[in-house]
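Data first, discussion second: the structure below is written as structure tokens.
Counting starts at 1 for both ligands and their atoms, in listed order. We're numbering straight along the sequence, starting at 1.
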Amino acid sequence: MSLADVRYLPETPAHDPEIEAINDEAFGPGRFVLAAYKIREGGPHERALSFVAVDGGTVVASVRMTRIAAGAGRALMLGPLAVRPAFKNLGIGRRLVAIALETAAKAGIAAIMLVGDEPYYGPLGFRRIPRGQISMPRPVDPDRLLAHEIMPGAVARLAGEVCHADQAKIGEPIAVMA
Ligand SMILES: CC(C)(COP(=O)(O)OP(=O)(O)OC[C@H]1O[C@@H](n2cnc3c(N)ncnc32)[C@H](O)[C@@H]1OP(=O)(O)O)[C@@H](O)C(=O)NCCC(=O)NCCS
């Protein structure tokens, strides 16, 4: 395997079984009780903004993006991000995140949040969301709530409980831009 052979593609429904297997391998069945999964149950993820890394026709890594709402704020939630064990530490995870951030910015997304490790995501442009600003539908370590701001002020507009954007109350703004 050479890194030069790895291609990065927008996700399609044909990738679903392999992505499911990668996430099962990375997170196990316990993933379904995580706060982020609870939010993702509220609606579909955004395929056009989600990416896979493919080596010789096999999916070796995946990052998914889901539209979320929190108060007046709108953003994407990044995750799950997972890389098959044999392909870890080659820069594939970082590259997938970079592609997802770049595509989101071009699509007019205001901010991206996630639940994850600050030591990994910090160098990729994520900062801690101030404690108490947002909450999740299930308990999370507040230090793992991170955001990458694309449009100034977008992270500050995220407030209260995070839900899938499809579950946001009618009457709240749906625009992702200020
Ligand atoms: C975390 C994960 C996505 C990283 O992908 P990857 O392609 O292996 O990582 P990259 O090659 O982009 O980056 C590797 C670097 O990140 C570091 N790293 C990996 N996971 C880390 C973590 N959880 N916290 C801090 N640093 C981490 C590695 O030590 C390595 O550091 P180095 O460059 O200084 O040697 C991958 O290991 C994975 O699938 N893990 C299981 C699922 C998971 O934990 N997903 C993230 C949820 S927050």
Side-chain angles (χ1 to χ4, degrees), residues 1-11 15-42 44-47 49-68 70 75-105 109 111-131 133-150 155 158 162-164:
M1 197 280 303
S2 154
L3 254 193
D5 299 331
V6 176
R7 292 182 305 140
Y8 297 87
L9 307 171
E11 186 193 305
H15 297 128
D16 282 350
E18 284 176 286
I19 293 171
E20 200 49 39
I22 289 169
N23 288 332
D24 189 35
E25 186 179 38
F27 301 103
R31 70 191 184 280
F32 296 113
V33 301
L34 298 175
Y37 269 84
K38 177 75 184 157
I39 292 168
R40 286 193 282 265
E41 281 170 14
H45 64 286
E46 208 58 46
R47 276 202 202 275
L49 303 177
S50 301
F51 291 87
V52 290
V54 177
D55 179 57
T58 301
V59 178
V60 299
S62 153
V63 63
R64 281 185 160 163
M65 302 291 248
T66 303
R67 288 186 191 267
I68 57 99
L76 286 179
M77 182 169 67
L78 185 151
L81 167 69
V83 179
R84 290 184 69 191
F87 292 80
K88 281 184 180 177
N89 294 315
L90 297 172
I92 294 174
R94 273 194 291 245
R95 184 88 187 101
L96 273 179
V97 172
I99 291 170
L101 298 191
E102 196 184 309
T103 309
I109 300 296
I112 295 167
M113 58 83 58
L114 58 78
V115 184
D117 295 334
E118 202 271 340
Y120 184 72
Y121 288 104
L124 304 180
F126 287 82
R127 301 285 170 268
R128 279 187 199 171
I129 297 172
R131 272 176 183 250
Q133 182 181 321
I134 63 168
S135 62
M136 298 291 274
R138 286 176 181 155
V140 296
D141 176 351
D143 290 343
R144 289 170 54 79
L145 288 170
L146 311 177
H148 170 76
E149 185 161 81
I150 297 172
V155 173
L158 296 171
V162 179
C163 65
H164 192 287

Measure from the side-chain N and O atoms of R40 to the backbone N and O of T66, and report whether any donor-acceptor pair falls under 3.5 Å.
-> no
Return a yes/no value: protein heavy atom under 4.0 Å from atom 24 (N) of ligand 1?
-> yes
Which ligand 1 atoms does Y121 reach within 4.0 Å, using its non-hydrogen atoms?
-> 46 (C), 48 (S)
Subset of ligand 1 atoms that lie under 4.0 Å from at least one heavy atom of G116 = 48 (S)
4.5 Å side-chain heavy-atom contact, I92 and R84 | no
Taking only non-hydrogen atoms of G91 and a 4.0 Å limit, the atoms of ligand 1 in range are 10 (P), 11 (O), 12 (O)
R47 and R64, any side-chain heavy atoms less than 4.5 Å apart | yes
Looking only at protein heavy atoms, which one is nearest to atom 39 (O) of ligand 1, and how far off is it?
-> V83 N, 2.8 Å
Tell me which protein heavy atom sits closest to atom 22 (C) of ligand 1, plus the residue, atom name and distance to 0.1 Å.
-> D117 OD2, 3.6 Å
Could you check atom 7 (O) of ligand 1 against the protein and tell me its nearest heavy-atom contact, residue, atom and distance included?
-> G93 N, 2.7 Å
Which protein non-hydrogen atom lies closest to atom 44 (O) of ligand 1, naming both residue and atom, and how far is it?
-> F27 CE2, 4.1 Å
Location of contacts on L114 toward ligand 1, heavy atoms closer than 4.0 Å = neither
Check ligand 1 against L90 and write out every atom of the ligand that is under 4.0 Å from a heavy-atom position of the residue.
-> 11 (O)
Could you tell me whether E41 and R31 make a salt bridge, using a distance below 4.0 angstrom between a side-chain N and a carboxylate O?
-> no
Does V52 offer a backbone N or O that forms a donor-acceptor pair with the side chain of S62 under 3.5 Å?
-> no
With sequence neighbours left out, which residue pairs that include part of residues 86-99 fulfil the side-chain hydrogen bond (donor to acceptor under 3.5 Å, both in side chains) condition?
-> none
Are any of the N or O atoms of Y120 closer than 3.5 Å to those of ligand 1?
-> yes
Got a donor-acceptor contact below 3.5 angstrom from the Q133 side chain to the L158 backbone?
-> yes
According to the interplanar angle, ranging from 0 to 90°, do the rings of F126 and H148 count as parallel (below 30°), tilted (30 to 60°) or perpendicular (above 60°)?
-> tilted
The protein heavy atom nearest to atom 45 (N) of ligand 1 is L81 O, 2.9 Å
How far is atom 32 (P) of ligand 1 from its nearest protein heavy atom, and which residue and atom is that?
-> R94 NH1, 4.6 Å
Residues pairing under side-chain hydrogen bond (donor to acceptor under 3.5 Å, both in side chains) where one sits in residues 119-131, two or more places apart or in two chains, turn out to be R131-D143
Heavy atom of the protein closest to atom 14 (C) of ligand 1 (residue, atom name, distance) | N89 OD1, 3.4 Å
Give a yes or no on whether atom 1 (C) of ligand 1 lies under 4.0 Å from any heavy atom of the protein.
-> no
Close side-chain approach of L145 to V115, heavy-atom, < 4.5 Å | yes
So which heavy atom in the protein is nearest atom 36 (C) of ligand 1, and how far is it from that ligand atom?
-> K88 CE, 3.8 Å
